[in-house]
Number of protein chains: 2
Amino acid sequence: MAIRPQRTERRTDALSKERIVGAAIEILDTDGEKALTFRALAAHLETGSGAIYWHVANKDELLAAAADGVIARVLTAIPEEAGPRESIRAVASGAFDAIDAHPWVGTQLTREPWQSAIVQIFEAVGRPLRALGVPEGAQFDAASALVSYLLGLAGQYAAGARLLPRETDRSAFLATVAERWTQLDAARYPFVRRVATQLRDHDDREQFLAGVDLILDGIAAVR
Amino acid sequence: MAIRPQRTERRTDALSKERIVGAAIEILDTDGEKALTFRALAAHLETGSGAIYWHVANKDELLAAAADGVIARVLTAIPEEAGPRESIRAVASGAFDAIDAHPWVGTQLTREPWQSAIVQIFEAVGRPLRALGVPEGAQFDAASALVSYLLGLAGQYAAGARLLPRETDRSAFLATVAERWTQLDAARYPFVRRVATQLRDHDDREQFLAGVDLILDGIAAVR
DNA sequence: ACCTGAACACCGTTCAAGT
DNA sequence: ACCTGAACACCGTTCAAGT
């Protein structure tokens, strides 16, 4: 209702790590992992490719910062008040949704285990373990198992997205793989053939959370 | 004791997919992932880089074939007579050892979930589930969880190896990361700080198998 | 049918030169 | 201090030309 005064548009032309990372995320989201090059990024920011190196050490740092930004946003959105088990499930499903929305995050997370995004996830998954009654000595293994599982699925999911540029949807992709599974040698691959139809019809998110529950059940069993 | 006759060295000069994959594995093992280029491979095989494309579609296929070869060898070495749980543990530790010996396998496995090596692992891990008493409807999720976990760890392990060219050993690397963890903000990272010393002192293989047991316990609990 | 190796179309990164 | 953009040192892949 109020007529806003002509804003004296603050110039944001100056390069900064934030602007660079933001532009990188934009390119990754809209055009995919392969599209992020320093040349494309420089064009997007209307600068020279060398300028980026003034603010960012190299491409690894750029990708790590981009993944860190996405994950940090997801983790801060998780309510703290929930019980420990719900809290861990919330972290896991938050991470899943982030990777679903930004498949390149899945690729990046599996590239450097010591990067900030991983440490954040490790903390968020590990902290509730004490309240869950897991003995001190078992918490490190338990948190590592959860994080490894999450990263494994993240990697597979990202690989799928890397294959499908945009056209095919995931269910068509799964149907193709399932079809291939049914044609495997019956003597060598009885199990794979048997579950091929389940591959075709399953829901990724549900299956991911089923795995988290499996691990949580295992953790509870040890306790 | 017996004096072997002068062997009439069979000429194996002709290129073939096997020879190419064998040479690729050799380069990957001795010089690391980055060293495998078509130029290096061609030099190793004393041919032109274009010749390789007559036998192999592209680099993805080459890497998949290399990983497939390593994994197939590991899986056939596993005794069938063991109980279902021991069988799954044997597959997991076999895969771990293969990735430990050839870290590039870890990278490759996480790149294409539909590749032959993954299907082999999926089969080897899924087949014993029936004998374990897991209901038909739960076997797909259980096998997927085990494979995702394995791939997650494989990726992390490979990333570590990618970082350390050759000099530093893994324990020094873990000590460095652990040291960084102890310097994190106490309010935001209480858990990570608490387990930092465990990171430094833990055994990767033991922790990996602890995770497998955790998942197997979870699977047993559901049953 | 299979091999050769120059050429093409890219990369990430560096660095002298500018402002 | 920060930016420019050509240049460097690579890649994977293609393809005309050979045998």
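Here the structure is a predicted model, which is why all the values come from computation and not from measurement. Numbered from 1 within each chain, the chains take letters A, B, ... in sequence-line order.
The interatomic distance linking A:Leu36 (CG) with C:dG12 (P) rounds to 7 Å, in whole Å. Atoms CG (B:Leu41) and P (D:dC10) sit 18 Å apart, rounded to a whole Å. In this structure, NZ of B:Lys17 is placed 15 Å from P of C:dC2, rounded to the nearest angstrom. If you measure from atom OH of B:Tyr53 to atom P of D:dC15, you get 12 Å, rounded to the nearest angstrom. Atom CZ in B:Phe38 sits about 18 Å away from atom P in C:dA6, given to the nearest Å. Distance, B:Leu63 CG to D:dG12 C1': 12 Å, rounded to whole Å. Regarding A:Arg19, its CZ atom lies at a distance of 14 Å from the C1' atom of D:dC2, rounded to whole Å. The CZ-C1' distance, from A:Arg39 to D:dG5, rounds to 10 Å in whole Å.
Looking at B:Glu61 and B:Lys17, a side-chain N of the basic residue comes within less than 4.0 Å of a carboxylate O on the acidic one, giving a salt bridge. By the 4.0 Å N-to-carboxylate-O rule, B:Arg205 lies close enough to B:Asp97 to be salt-bridged with it.
The side chain of B:Trp54 contributes an N or O atom lying less than 4.0 Å from OP1 or OP2 of C:dC2.
For A:Ala98 against A:Val70, the heavy-atom pair with the smallest separation is CB-CG1, 4.1 Å.
Distance from the side chain of A:Lys59 is smallest for C:dG12 among the nucleotides D:dC11, C:dC3, C:dG12. Listed candidates were C:dT13, C:dG12, C:dA6. Nearest to the side chain of B:Ser49 is C:dA6.
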What verdict does the ring pair (Phe, Tyr, Trp, His ring centres under 6.0 Å) test give for B:Trp181 and A:Phe122, after you've listed the backbone C-alpha separation in whole Å, the side-chain angles of each residue and the deciding distance to 0.1 Å?
CA-CA 11 Å; B:Trp181 280 13; A:Phe122 192 66; 5.3 Å; yes
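If you check D:dA9 for Watson-Crick or wobble pairing at under 3.5 angstrom, you find it has no partner at all. For C:dT19, the paired base is D:dA1 (Watson-Crick or G-U wobble, both distances below 3.5 Å).
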